[in-house]
Q: 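Have a look at the structure that comes next, please.
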Amino acid sequence: MLEINNLSLEVGEFSLQDINFSVTDYTVVLGPTGSGKSLLVEVISGLRKIDSGSIILNNKNITNFDVNKRKIGVLLQDGALFPHMNVMENLKFPLKITKRQIDTDEIENLADEFGIFHLLNRTCQNLSGGEKQRIALLRTMLTKPDALLLDEPLTAIDPSKKYQMQIFLKYFKNKLNIPVIHVTHDFEEAYFLSDHIVVLNNGNVEQIGKPKDIFRHPKSLFVANFVQMENIFKVKGIEEGQGIIGNSKIFCNIGKGEEKIFVIRADEIIIADRRFKSSARNFIKMNIKNIYDKGNQVLVEIENNDMFLISAITRYSLERMALRKREEVFAVFKVNSMHSLL
Amino acid sequence: MKYFKLLLFIALGLIGVSFLIIPILSILLGTPFVDIKTAVLSREVVNSIILTLFSGLISTIIGIVIGIPIAYLIAFKDFRGKGLLESIIDVPVMIPHTAAGIALLSVFGSRGLLGNMFSVFGIKFVGTIGGIIIGMMFVSITYLINASKEGFKSIDRKYIKASMTLGANEFGTFFHIILPLSFKDIISGSIMSWARAISEFGAIVILAYHPMIAPVLIYERFSTYGLKYSRPVVFLIIVISLIIFIILRIISNKMKNFRDK
């Protein structure tokens with residue numbers, strides 16, 4: 001287990017403030033550019049000293065250990081393969097530098113598993129982004145680390161090859177039994193790969209949770225926006241369990257006089273062409289503003305005088321209901337699908 | 001108008017190139033073969049050229065050993081007085097070399113601080129190869145340090161970070177990553193340093209007139225016997241230096257510059 005306790009660091013005008021989380025599985029640290037993700041990688045790996053706090057790895061306090069004594073493997077953005085060495089020399093480097101026995105057969109077997117066996121005698125100059133990352137990952141694994149840090153490992157990879165590398169990381173992750181911190185700004189990547197997500201914003205931890213929780217139940221406006229929550233709206237409570245947006249009444253978990261910001265995912269809003277008996281309590285009359293076919297789903301923008309919502313439906317539903325712009329429809333959603341922000 | 005500007009640039013360029021080439025060509029083409037043959041057969045001339053090249057080589061090697069650590073510290077470490085240190089390193093390039101010779105004589109002379117200290121071990125600098133090497137090193141080490149420093153600074157820090165996270169300590173990273181990645185700059189700096197060393201006259205003529213290096217021999221022959229007797233030595237040193245530099249440049253250009261990839 002890798003534990004980050006009360007970690008703080010000031011660098012110029014930026015600071016990491018009182019960061020706390022622990023990692024036992026594949027955890028993705030998610031945040032926009034400038035949120036402090038790479039700085040966090042640097043301090044956990046030991047490339048930079050912290051002002052206060054502690055880093056505990058398998059019950060050992062490694063806060064003041066030198067980088068090369070931490071037993072934390074680090075995969076940098078584009079792999080950072082040494083350009084003056086060929087692929088095999090790069091792979092042997094961590095063994096050579098720590099005077100460990102070099103078992104060429106073992107390296108070749110692992111290279112085969114990583115899909116890079118055919119590259120072993122190549123120079124590093126003309127490799128693709130994905131190949132470089134696989135080689136760098138194997139090079140890091142050859143240090144036999146107790147924890148692994150992956151710093152934006154998919155950023156330098158051609159978009160068409162990104163998915164393949166994600167699949168590879170997913171396969172690779174299942175074979176690991178060490179804590180992994182994967183840093184990225186890409187929510188889809190985080191959702192696909194992680195067991196847990198730590199959302200970082202401006203040097204602070206905004207939310208920690210399972211990917212589904214972060215996706216469906218963001219705790220702050222920042223997280224909601226970052227995970228591209230489609231529907232965010234403010235509700236004023238007029239009585240227990242009922243509020244208004246403009247003149248539209250809405251059933252939600254709210255007290256009288258309270259003001260809350262609610263979020264709801266587009267796929268939790270059903271579009272109906274008429275009222276029907278349902279366990280969902282919210283039926284709001286609206287008009288279709290726009291319809292966007294996104295390939296795997298159709299986004300329908302609906303509005304009335306008071307609110308604007310986005311619903312995600314299938315193309316089959318769109319065709320079956322023959323929905324058209326400006327058509328009057330009902331937006332249907334359950335009270336429990338709405339989540340209030342803190 | 002466009003062509004006029006181009007022609008003007010070509011004309012000015014030709015003047016500049018002629019300014020550099022004509023004096024050298026006048027030596028190369030205007031020195032009688034008989035005089036060159038006599039110079040080649042002269043033990044004094046051959047010895048002075050060998051001494052010049054050898055002393056330049058030793059001064060460059062010592063320069064590498066003590067200059068590279070300085071370049072490393074400047075490139076990678078932050079410390080108080082770093083700016084001052086960089087200015088001090090540039091001093092030999094700025095001061096007249098006869099002044100450098102006087103300064104070195106006052107330190108390495110028999111009554112100087114270091115001269116006195118080394119004399120205990122029987123090492124003298126005035127009028128010895130040691131003095132020649134010290135003089136050469138003083139005026140040439142700046143080129144080596146600055147070229148190495150720029151080489152170190154231009155290495156992408158990700159390689160250094162990767163090396164350390166893979167288990168290398170600072171020394172391991174220096175020898176396995178930093179040195180190979182900046183090798184071309186160090187070689188370029190060494191060539192420049194060696195070139196500067198073998199062309200030095202001012203500092204050495206004060207510190208070690210004897211044994212005579214080629215520049216001192218040229219000066220002595222010119223001042224004692226005149227232009228005719230100094231030209232063959234000049235011819236030989238130019239030809240030998242040109243051959244060596246062309247070979248070194250070819251080798252250095254063929255070295256891979258990994259940072260460009």
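FYI, side chains are in, hydrogens and waters are out, and symmetry mates aren't considered; it's all heavy atoms of this structure. Letters A, B, ... mirror the listed sequences (proteins, then strands); counts begin at 1.
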Q: For residues A:V180 and A:K173, determine if any side-chain heavy atom of one lies less than 4.5 Å from a side-chain heavy atom of the other.
A: no
Q: Please classify the contact between B:S163 and chain A as side chain, backbone, both or neither, with a heavy-atom cut-off of under 4.5 Å.
A: both
Q: Show your working on salt bridge (Lys or Arg N to Asp or Glu O under 4.0 Å) between A:R48 and A:E10 and close with a plain yes or no.
A: CA-CA 11 Å; A:R48 204 184 268 271; A:E10 230 179 273; over 6 Å; no
Q: Does any backbone or side-chain atom of A:R70 lie under 4.5 Å from a heavy atom of chain B? Answer side chain, backbone, both or neither.
A: neither
Q: In terms of heavy-atom proximity below 4.5 Å to chain B, should A:L75 be classed as side chain, backbone, both, or neither?
A: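 Interface part for A:L75: neither.
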Q: Which region of A:K71, side chain (C-beta onward) or backbone (N, CA, C, O), has a non-hydrogen atom less than 4.5 Å from a non-hydrogen atom of chain B, or is it both or neither?
A: neither
Q: Quick check on the interface: out of A:D78, A:L149, A:I72, A:N126, who has the most heavy-atom pairs with chain B under 4.5 Å?
A: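 Maximum pair count with chain B is reached by A:D78.
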Q: Between A:K37 and A:P32 (side chain of the first, backbone of the second, donor and acceptor by atom type, cut-off under 3.5 Å), is there such a pair?
A: yes
Q: Restricting to non-hydrogen atoms, name the atom on A:Q133 and the atom on A:Q77 that form the minimum distance, rounded to 0.1 Å.
A: NE2-O, 2.8 Å
Q: Please check if the number of heavy atoms outside A:K170 that lie under 6.0 Å from its NZ is greater than 12.
A: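 Yes, enclosed.
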Q: Is it the case that the side chain of B:T128 and the backbone of B:F125 share a donor-acceptor pair, with hydrogens and angles ignored and the cut-off at 3.5 Å?
A: yes
Q: Shorter than 4.5 Å, heavy atoms on both sides: which option in A:P94, A:C124, A:A136 has the most such pairs with chain B?
A: A:P94
Q: Find the one option among A:T98, A:L76, A:T140 whose heavy-atom pairs under 4.5 Å with chain B are most numerous.
A: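 It is A:L76.
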